[in-house]
Amino acid sequence: MRDQSLRAHVANLEQQGELIRITKETDPHENVSAIGWKAYDKLGKSTLFTNLENFPDWTVVSQVITDRKKWSIALDISEDDFIPTLVKRIKHQIKPLEVGADQAPVKEVILRGEDADLTKIPALWHAERDPGPYIASGMAVIKDPDTGIRNMSIHRQQIQGPDQTGFLICPRHALRIYQKYQQQNKPMPVAMVIGAHPAIYYASGFTSSYGLDELEIAGSLLNDPVRLVKCETIDIEVPAEAELVIEGEVLPEGMVEEGPFGEATGTYAMEGSTEIFKVKAITHRKNPMFYAMQCGAPMTDTQSITGTCIETVVTDHLRNVEGGLDLLDVRCLGISGLMAIVLKLRPRVEGQAKTALMAALSSPYLHPKIAIAVDDDIDASDLRQIFWSLTTRVHGSRDVVNVPNTRIWSLDNVSDIVPGMSAMYRIGTKIIIDATKPAVTQETERGRFAPAMPFGFEDINLDTFLP
């Protein structure tokens, strides 16, 4: 059986030189967030903190799937084949497998009552203007009260006491289920899963049709059924090899002040109010590892999880456009706060790039509002090459198109809130930019748009000239 734990992935990262250990004393409420962010920004490394002030029995890990190399290590897929392989795997879901508590490491420690204390978890103070520690890595497992259909999605939780957090619900599947509980005036049972295999985090960020079990998607990515175990106090099953599970309920009424919070856009989701989550029990592994999923300024795992899901869905979505495009790569730029997407393709006819761009902005994800098409000679992950294409291949009057009054991602603070609605509903302008070469036929004309690389560039191996 394949190991389905976060700690196995962390060990693989360290073995392959993708992780550094911080053994000096650090404080989750003071500096862990900054150290983890800088370690990736400057060194491209994940971070494991082993000496935590006030949390002697815990370790903290961050930035574990922030780029395709780390994702590839997690899922054992080559970087070149990563997105095409994900597209294939998610089409063949694998149902989870339920196991007993004796086969579930997450049951090694069981805490109830006053012992189930959130303040004893090393949750991070993420961004400078946050009001306090947040759990940003919690995956909420819930069930439809009418059908028993399971749903899993990520929800941020501001810790507001030993047994209470906020619980932000976006207008997607989880809200649909919560409203059913509200109609029955019942609390919604929720299991918050923290610290699991990256495949499970990918599935939690994947937008699918209502009723599709995200844990089946995780199984397809693992090529192995996700092993589940029943909770202690609620009728919900959770990944047996998770690091930590917080069992509780979201109350059917009442709101609590929450925010601001540094979000995936790299800006703040401003203060407001959220639903209330009340703790019933906590279970965790011995010597637990808290997954401090970073949020805020890019680049973090938050942008990487959603961005990777967007790349997969858009790649599959574009396969049906015009009977199939010659699509070479799709990159949702995490450093843009998930609001820009780049398509690398070979347009077969004039105008095809614009068709592809319109389709990319009409996928199941609202996040991208700017879509850019580049040619097959451009690396869609390299901002230098993308920007060069924007300046040398874009004619402003014909290659840039604005689409006003369109639905926009709720965290895009520059776009307008729909009158009479909450900030979850915004309207703005989407932009397509065709940065592919004009359709010219003569070789001399095509040469005008080619990059002027040094003579002999393709034949030079720099290693042979270095000492």
Side-chain angles (χ1 to χ4, degrees), residues 33 118 121 123-127 129-143 151-161 163-182 187-194 201 204-207 214 236 244-279 291-296 300-303 305-306 309 337-339 365-367 407-413 415 417-418 421-426:
S33 179
L118 296 172
I121 296 172
L124 260 59
W125 196 309
H126 284 262
R129 296 184 183 180
D130 291 357
Y134 272 82
I135 297 174
S137 57
M139 298 179 286
V141 182
I142 59 177
K143 289 182 178 179
N151 185 79
M152 182 175 66
S153 51
I154 296 176
H155 298 256
R156 72 174 189 243
Q157 293 178 278
Q158 181 184 338
I159 294 179
Q160 298 171 334
D163 68 344
Q164 178 175 306
T165 75
F167 191 85
L168 180 71
I169 307 180
C170 295
R172 293 192 286 269
H173 297 164
L175 179 60
R176 179 174 173 177
I177 293 173
Y178 175 62
Q179 288 171 340
K180 289 188 176 185
Y181 282 97
Q182 282 186 306
M188 179 174 71
V190 180
M192 297 302 298
V193 179
I194 301 163
Y201 273 95
S204 70
F206 188 81
T207 294
E214 285 84 3
I236 288 178
L244 169 69
V245 172
I246 304 172
E247 301 178 15
E249 296 174 332
V250 176
L251 303 184
E253 59 183 6
M255 303 288 281
V256 64
E257 290 186 6
E258 191 257 12
F261 180 68
E263 264 289 1
T265 52
T267 59
Y268 284 89
M270 301 312 294
E271 57 265 65
S273 58
T274 66
E275 286 71 22
I276 301 169
F277 175 88
K278 301 293 287 189
V279 177
Y291 175 32
M293 187 170 76
Q294 300 246 200
C295 290
T300 75
D301 282 359
T302 300
Q303 290 97 9
I305 292 170
T306 304
C309 291
L338 299 173
M339 292 187 284
Y365 286 88
L366 283 174
H367 301 65
R407 180 85 183 277
I408 295 291
W409 186 27
S410 61
L411 291 176
D412 179 20
N413 291 340
S415 292
I417 299 173
V418 176
M421 303 289 281
S422 76
M424 288 290 181
Y425 302 90
R426 293 181 182 270

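- Contact check for Trp125 versus Ser33: no side-chain heavy atoms found under the 4.5 Å cut-off.
- Without hydrogens or angle criteria, Gln158 side chain to Pro133 main chain gives no donor-acceptor distance under 3.5 Å.
- Here the shortest heavy-atom pairing between Ser410 and Met424 reads CB-O, 3.2 Å.
- Between Ile169 atom CD1 and Ile142 atom CD1 the span is 7.5 Å, to the nearest 0.5 Å.
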Next on the checklist: Run Asn151 and Ser153 through side-chain contact (heavy atoms from CB on, under 4.5 Å) and show every step you take.
Outcome noted: CA-CA 7 Å; Asn151 185 79; Ser153 51; 3.6 Å; yes
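- Under the 4.5 Å side-chain criterion, counting only non-hydrogen atoms from C-beta, Met152 is in contact with Val141.
- Here the straight-line distance linking atom OG of Ser204 with atom CD1 of Ile305 works out to 6.0 Å at 0.5 Å rounding.
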Item to check | Check against side-chain contact (heavy atoms from CB on, under 4.5 Å), Val279 and Glu247 | outcome: CA-CA 6 Å; Val279 177; Glu247 301 178 15; over 6 Å; no
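- Note that the SG atom of Cys170 and the CZ atom of Arg156 stand 7.5 Å from one another [nearest 0.5 Å].
- In this pair, Phe277 and Phe167 present their aromatic rings parallel. The plane angle is below 30°, not in the 30 to 60° band.
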Item to check | side-chain contact (heavy atoms from CB on, under 4.5 Å) between Glu253 and Leu251, intermediate numbers included | outcome: CA-CA 5 Å; Glu253 59 183 6; Leu251 303 184; 5.9 Å; no
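- Under the 4.5 Å side-chain criterion, counting only non-hydrogen atoms from C-beta, Met139 is not in contact with Ile194.
- Ile276 contributes atom CD1, which lies 12.0 Å from atom CD of Glu258 (distance to the nearest 0.5 angstrom).
- By the 4.5 Å heavy-atom criterion applied to side chains, Val250 and Tyr178 are counted as neighbours.
- What you find for Ala136 and Ile154 is that their closest heavy atoms are O-CG2, 3.7 Å.
- Gln160 and Gly166 get closest at one heavy-atom pair: OE1-N, 3.4 Å.
- Of all heavy-atom pairs spanning Tyr291 and Ser137, the tightest one is O-OG, 2.7 Å.
- The heavy-atom pair separating Gly296 from Gln303 by the smallest distance is O-NE2, 2.9 Å.
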Checklist entry - Would Gln294 and Thr300 count as a side-chain hydrogen bond (donor to acceptor under 3.5 Å, both in side chains) if you check the C-alpha gap in whole Å, the side-chain angles of each, and the deciding distance to 0.1 Å? => result CA-CA 6 Å; Gln294 300 246 200; Thr300 75; over 6 Å; no
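- Between Glu249 and Met188 there is no side-chain heavy-atom pair separated by less than 4.5 Å.
- Of the inter-residue distances, the one linking Asp412 atom CG with His367 atom NE2 reads 11.0 Å to the nearest 0.5 angstrom.
- With a 4.5 Å cut-off on side-chain heavy atoms, Leu118 and Ile246 count as touching.
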Next on the checklist: Please determine whether side-chain contact (heavy atoms from CB on, under 4.5 Å) holds for the pair Val256 and Gln164, giving the CA-CA distance in whole Å, both sets of side-chain angles, and the decisive distance to 0.1 Å.
Outcome noted: CA-CA 10 Å; Val256 64; Gln164 178 175 306; 4.0 Å; yes
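- No donor-acceptor distance shorter than 3.5 angstrom exists from the side chain of Arg426 to the backbone of Trp409, with no hydrogens or angles considered.
- Residues His155 and Leu168 fail the side-chain proximity criterion, which asks for heavy atoms closer than 4.5 Å.
- Annotation: side chain of Lys143 is not in contact with side chain of Ile177 (no heavy-atom distance under 4.5 Å).
- Between Pro260 and Tyr134 the shortest heavy-atom distance is O-OH, 3.6 Å.
- Ring pair Phe261/His126 is perpendicular by interplanar angle, where above 60° counts as perpendicular and below 30° as parallel.
- If you take CG on Leu244 and CD1 on Ile121, they are separated by 5.0 Å, rounding to the nearest 0.5 Å.
- The backbone N or O of Gly262 sits less than 3.5 Å from a side-chain atom of Asp130, completing a donor-acceptor pair.
- Dense packing is recorded around CZ of Arg407, with more than 12 heavy atoms of other residues, nucleotides or ligands lying under 6.0 Å away.
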